[in-house]
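Just so you know, residue 1 is the first one in the sequence shown, and it goes up from there. One-based numbering, in listed order, for ligands and for the atoms of each.
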Amino acid sequence: MSGLKTKHPVIAGLDIGSTKVCFVIGIVNSENKIEIVGVGKAPNAGIRQGVVVNIEATQNSIKKAKEEAELMSGYQVQDAWVGVSGTHIKSFDSKGMIAIKNKEVSQADIDRVIEAAKAVAVPADRQVLHVLPREFKVDTQDGITDPIGMSGVRLEANVHIVTGGQTAINNTIKCVEKSGIKINSLVLDSLAASTSVISEDEKSLGVCVVDMGGGTCNLLYFVNGSVAHTSVIPVGGQHFTHDVAIGLRTPQVSAEQLKIEHGYAMAAQIGENEVIDVQGVGGRKSRSIPKKDLADVLEARAEETLNLIQHDIKMSGLLPMMGSGVVLTGGASQLQGLIEMGEFIFDIPIRKGVPSGVGGLSDVVKTSEYSTAVGLLKHGFNANKDEYLKQSSTHIITDSADSITKKMKDFFGQIF
Ligand SMILES: Nc1ncnc2c1ncn2[C@@H]1O[C@H](COP(=O)(O)OP(=O)(O)OP(=O)(O)O)[C@@H](O)[C@H]1O
Ligand SMILES: [Mg+2]
């Protein structure tokens, strides 16, 4: 029977963040679900606010993270779905219109109308990353999500187009290719993250996903199940760490450690008598300080960041459509007390988003900092489902063909 053993399609996600590079490998199991089989993580100093500032450093981090994931999984990977984010991302609405061929909408018509919507003038220094359909209109009927099979003569599409700065994108591509990885496609980080942290119901009710990373907060708004708006706030976890380093006069490395181990966003909830050790700068001795002092510093930055997010939501004009509220994800959303503070600041519901919907080593990737990497796998699988499932059946045929050849060889070997 071993010849009929299924070889599962392998799929990989590469998240090149401002603080870390994360490489995740998954397989598509026999129930067509993704199982995580390998995870690799390496610190990265080559990216600032989503933009490559040092190609070699980024390339080394990518290689390291990939090797670690390959070692853990036992799979060698050639290609990956790669995330992009940063202040260079911009998005806008567009429309396309075509005449329906054969009086009934087919997939080819949908492809053509999306192409027509994409044909808007995009400046030479920007690259289109996604064309995300919002709704279709067949003749006078609007609000259609899936027009296939509908009768009519004219098909219109309202789409949301996401673009990135050409230079930033070219440098990301260069880092990945120089690391020996073929890019399946570039995917907006927050779009990938949303695939792993929110449900279809939340998308339908309206939700704002905030990927709080090291250098930036990337916001993605869903209205009626599809992406309606994106924005970037140039504040992330590194700003919290920097405040702690300055406020408590301690090196960045220990500020980062203090934030993660003892940090809290609401100072009022910290007991007066709790103390922590803080390392001095420039060879000065460590000293004990009230834990509340650390929380005071973090509270100011947390409040400012959440207010900036709230302001962005108000300015987007989409607040009344955010029935499912705000979902905070990304490494910086893990600051203790942040969600509680958000409950005071926001008028809409708030929760933390962690990756879900994958099997295998799901425990290793169940924290918010893996939302993008896990989302890249899920997004990649959804975008190319037919191809991955075909690989699975091809492998079965190849395996069985191999096993038949082997059996024939064994058989003839016994005769001669
Ligand atoms: N437990 C924690 N409490 C507070 N902050 C945390 C915690 N864990 C991680 N962080 C912060 O999260 C940030 C990194 O988040 P993440 O890994 O999502 O960023 P990134 O993907 O590298 O960056 P970006 O998405 O901005 O390019 C760091 O600033 C780190 O200090
Ligand atoms: Mg990130």
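With respect to Glu156 and Arg154, a salt bridge is recorded, a charged nitrogen being found less than 4.0 Å from a carboxylate O. Salt bridge present: Arg351 and Glu202 bring a charged side-chain N and a carboxylate O closer than 4.0 Å. With salt bridges taken as basic N to acidic carboxylate O contacts below 4.0 Å, none links Lys178 and Glu56. Ionic pairing of Lys64 and Glu68 is not present here: no N-O contact between side-chain nitrogen and carboxylate oxygen is shorter than 4.0 angstrom.
Looking only at side-chain heavy atoms (C-beta outward), Ile260 and Gln257 stay at 4.5 Å or farther from each other. At least one side-chain heavy atom of Ile62 sits less than 4.5 Å from a side-chain heavy atom of Cys175.
Using a 4.0 Å cut-off to heavy atoms of Gly330, the atoms of ligand 1 that qualify are 18 (O). With ligand atoms numbered from 1 in the order given, ligand 1 contributes 29 (O) to contacts under 4.0 Å with heavy atoms of Gln238. Those atoms of ligand 1 with a heavy atom of Gly17 less than 4.0 angstrom away are 20 (P), 21 (O), 22 (O), 23 (O), 27 (O). Atoms of ligand 1 lying under 4.0 Å from at least one heavy atom of Leu335, given by number and element, are 3 (N), 4 (C).
Summary of contacts: the protein heavy atom closest to atom 17 (O) of ligand 1 is Lys20 NZ, 2.7 Å. Of all protein heavy atoms, the one closest to atom 19 (O) of ligand 1 is Gly214 N, 3.1 Å. Given atom 8 (N) of ligand 1, the protein heavy atom at minimum distance is Gln334 NE2, 3.2 Å. Looking at atom 14 (C) of ligand 1, its nearest protein heavy atom turns out to be Thr19 OG1, 3.4 Å. The single protein non-hydrogen atom nearest to atom 25 (O) of ligand 1 is Gly213 CA, 3.7 Å, given as residue, atom name and distance. Scanning the protein for heavy atoms near atom 15 (O) of ligand 1, the closest one is Gly331 CA, 3.2 Å.
Considering Thr305, Ile233, Thr329 in turn, Thr305 is the only one that fulfils the side-chain contact (heavy atoms from CB on, under 4.5 Å) rule with Met212.
No side-chain donor from either of Tyr388 and Asn382 sits under 3.5 Å from a side-chain acceptor of the other. Looking at Thr216 and Asn218, their side chains do bring a donor and an acceptor atom within 3.5 Å of each other. Side chain to side chain, Ser151 and Glu104 fail the donor-acceptor criterion of an N or O pair below 3.5 Å. The closest side-chain donor-acceptor pair between Thr372 and Asp189, if any, does not fall under 3.5 angstrom.
The closest approach between Gly263 and ligand 1 stays at or above 4.0 Å for every heavy atom of the residue. In this structure, Gly236 falls outside the shell of residues with a heavy atom less than 4.0 angstrom from ligand 1.
The side chain of Glu256, and not its backbone, has at least one atom closer than 4.0 Å to an atom of ligand 1 (non-hydrogen atoms only; side chain from C-beta on).
Evaluated by nearest non-hydrogen atom to atom 12 (O) of ligand 1, the leading choice among Ala332, Pro43, Gly237 is Ala332.
At least one N/O-N/O distance between Lys259 and ligand 1 falls below 3.5 Å. Residue contacts with ligand 1: Ile16 is placed with no nitrogen or oxygen under 3.5 Å of a nitrogen or oxygen of the ligand (distance criterion only). For the pair Gly215 and ligand 1, the shortest N or O to N or O distance falls below 3.5 Å.
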